[in-house]
Asker: 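So that we are looking at the same thing, I have put the structure below in structure tokens.
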Amino acid sequence: MSDKEKGPTVADLFRRAQAIRKDNQQVSYKEIHAQLVREFSGQPFPPTYNLTIAEQDARAPEEDWTAGLPIVLRGIQQKDWNDIASGIVLSLEQTENYERQRGPEGTRDKWHDRTAGIEEVTAKSVGKWMPEELIKLAQRQAKDRS
């Protein structure tokens, strides 16, 4: 497949939906849906081999940001940009709702701490392969966020 034939990835579509939202906080999900359909109709469909939005894992639990992916997959299989846009918008809405209800990453209470129970093991395994200066840099940046 040549570069001209390659369509956007699911992550590209999600980032575009986020950019639309960022440009206009008042835009409705229905308007984001319509704009995605307008912008991407006629283009090649996203590949199914990487049906994910990996960078969203830090923003919300997987069950939220992946909520629309089955609809996206159906849209790709049916070659229907409306379904694809519906799935992208559902994932965006779920992610935004989670952040609105729980607050952005780093401001949550202990109950919603996603590192609970894995911090010690993570530190131990990271210490095995990450150079000490990178560990110190990461710790400084974590302190700066606090």
Side-chain angles (χ1 to χ4, degrees), residues 1-119 121-123 125-126 129-130 133-146:
M1 196 182 267
S2 74
D3 285 344
K4 283 189 172 189
E5 293 174 11
K6 287 184 181 175
T9 65
V10 171
D12 293 337
L13 296 170
F14 190 83
R15 282 190 289 271
R16 180 61 187 132
Q18 286 180 306
I20 294 167
R21 171 65 94 193
K22 187 177 180 185
D23 289 345
N24 180 1
Q25 293 289 317
Q26 304 307 313
V27 70
S28 71
Y29 292 117
K30 187 175 182 179
E31 292 168 322
I32 294 171
H33 177 279
Q35 187 166 342
L36 288 174
V37 171
R38 273 194 313 273
E39 287 182 22
F40 292 99
S41 285
Q43 290 191 30
F45 292 93
T48 57
Y49 66 83
N50 62 346
L51 194 67
T52 187
I53 313 166
E55 64 268 23
Q56 294 311 303
D57 199 37
R59 290 183 62 194
E62 188 173 353
E63 59 271 16
D64 288 322
W65 65 260
T66 61
L69 294 184
I71 300 168
V72 171
L73 178 59
R74 182 181 68 202
I76 295 168
Q77 291 169 335
Q78 304 277 327
K79 300 192 180 311
D80 181 356
W81 278 105
N82 277 311
D83 271 356
I84 295 169
S86 293
I88 295 294
V89 169
L90 177 59
S91 290
L92 177 66
E93 182 179 12
Q94 290 292 98
T95 301
E96 288 180 345
N97 285 343
Y98 181 83
E99 286 181 328
R100 197 171 14 261
Q101 292 167 0
R102 303 282 189 236
E105 189 66 36
T107 62
R108 302 189 185 122
D109 57 29
K110 291 255 185 234
W111 177 259
H112 295 97
D113 182 4
R114 297 179 70 207
T115 62
I118 64 168
E119 286 180 275
V121 175
T122 302
S125 62
V126 167
W129 59 266
M130 186 180 278
E133 66 264 7
L134 283 179
I135 293 173
K136 289 179 181 177
L137 175 65
Q139 289 170 340
R140 279 195 307 268
Q141 287 180 344
K143 285 180 185 176
D144 291 344
R145 289 184 190 167
S146 299

Asker: Using a 4.5 Å cut-off on heavy atoms from C-beta on, say whether the side chain of Phe14 contacts that of Thr95.
Answerer: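 Touching, per the 4.5 Å side-chain cut-off.
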Asker: Please, which pairs that meet side-chain hydrogen bond (donor to acceptor under 3.5 Å, both in side chains) have at least one residue in residues 69-82, sequence neighbours excluded?
Answerer: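 Every side-chain hydrogen bond (donor to acceptor under 3.5 Å, both in side chains) pair that includes a residue of residues 69-82, provided the two are not neighbours, is Arg74-Asp83.
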Asker: Partners of Thr48 by side-chain hydrogen bond (donor to acceptor under 3.5 Å, both in side chains), sequence neighbours excluded?
Answerer: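 None.
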Asker: Is there a donor-acceptor pair under 3.5 Å between the side chain of Asp12 and the backbone N or O of Thr9?
Answerer: yes
Asker: Not counting sequence neighbours, which residues clear side chain to side chain contact (heavy atoms under 4.5 Å, CB included) with Pro47? List them please.
Answerer: Tyr49, Asn50
Asker: Take atom CD in Gln26; do more than 12 heavy atoms of anything else shown fall under 6.0 Å from it?
Answerer: no
Asker: By side chain to side chain contact (heavy atoms under 4.5 Å, CB included), which residues pair with Ala85, not counting sequence neighbours?
Answerer: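 Side chain to side chain contact (heavy atoms under 4.5 Å, CB included) check on Ala85 returns His33, Leu36, Val37.
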Asker: Could you pull out the closest heavy-atom pair between Ile20 and Val27, with the gap in Å?
Answerer: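 The answer is O-CG1, 4.1 Å.
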Asker: Identify the two heavy atoms, one from Ser91 and one from Leu69, that lie closest to each other, and give their separation to 0.1 Å.
Answerer: OG-N, 4.1 Å
Asker: Any salt bridge (charged side-chain N to carboxylate O under 4.0 Å, His left out) involving residues 26-35? Give me the pairs, sequence neighbours left out, ordered by first then second residue.
Answerer: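 Non-adjacent pairs meeting salt bridge (charged side-chain N to carboxylate O under 4.0 Å, His left out): zero.
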Asker: If the condition is side-chain hydrogen bond (donor to acceptor under 3.5 Å, both in side chains), which residues does Arg16 pass it with, not counting sequence neighbours?
Answerer: Glu39
Asker: Under 3.5 Å, side-chain donor or acceptor atoms of residues 133-140 against the rest of the protein: list the pairs with distances, not counting sequence neighbours.
Answerer:
from   : atom 1 : to     : atom 2 : distance (Å)
Lys136 : NZ     : Glu132 : OE2    : 3.2

Asker: Does the side chain of Arg100 reach to within under 4.5 Å of the side chain of Glu96, using non-hydrogen atoms?
Answerer: yes
Asker: Is there a side-chain contact between Ile76 and Leu51, using heavy atoms and a 4.5 Å cut-off?
Answerer: yes
Asker: Return the CG to CG distance between Asn97 and Leu92, rounded to the nearest 0.5 Å.
Answerer: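 One gets 9.0 Å once the value is rounded to the nearest 0.5 Å.
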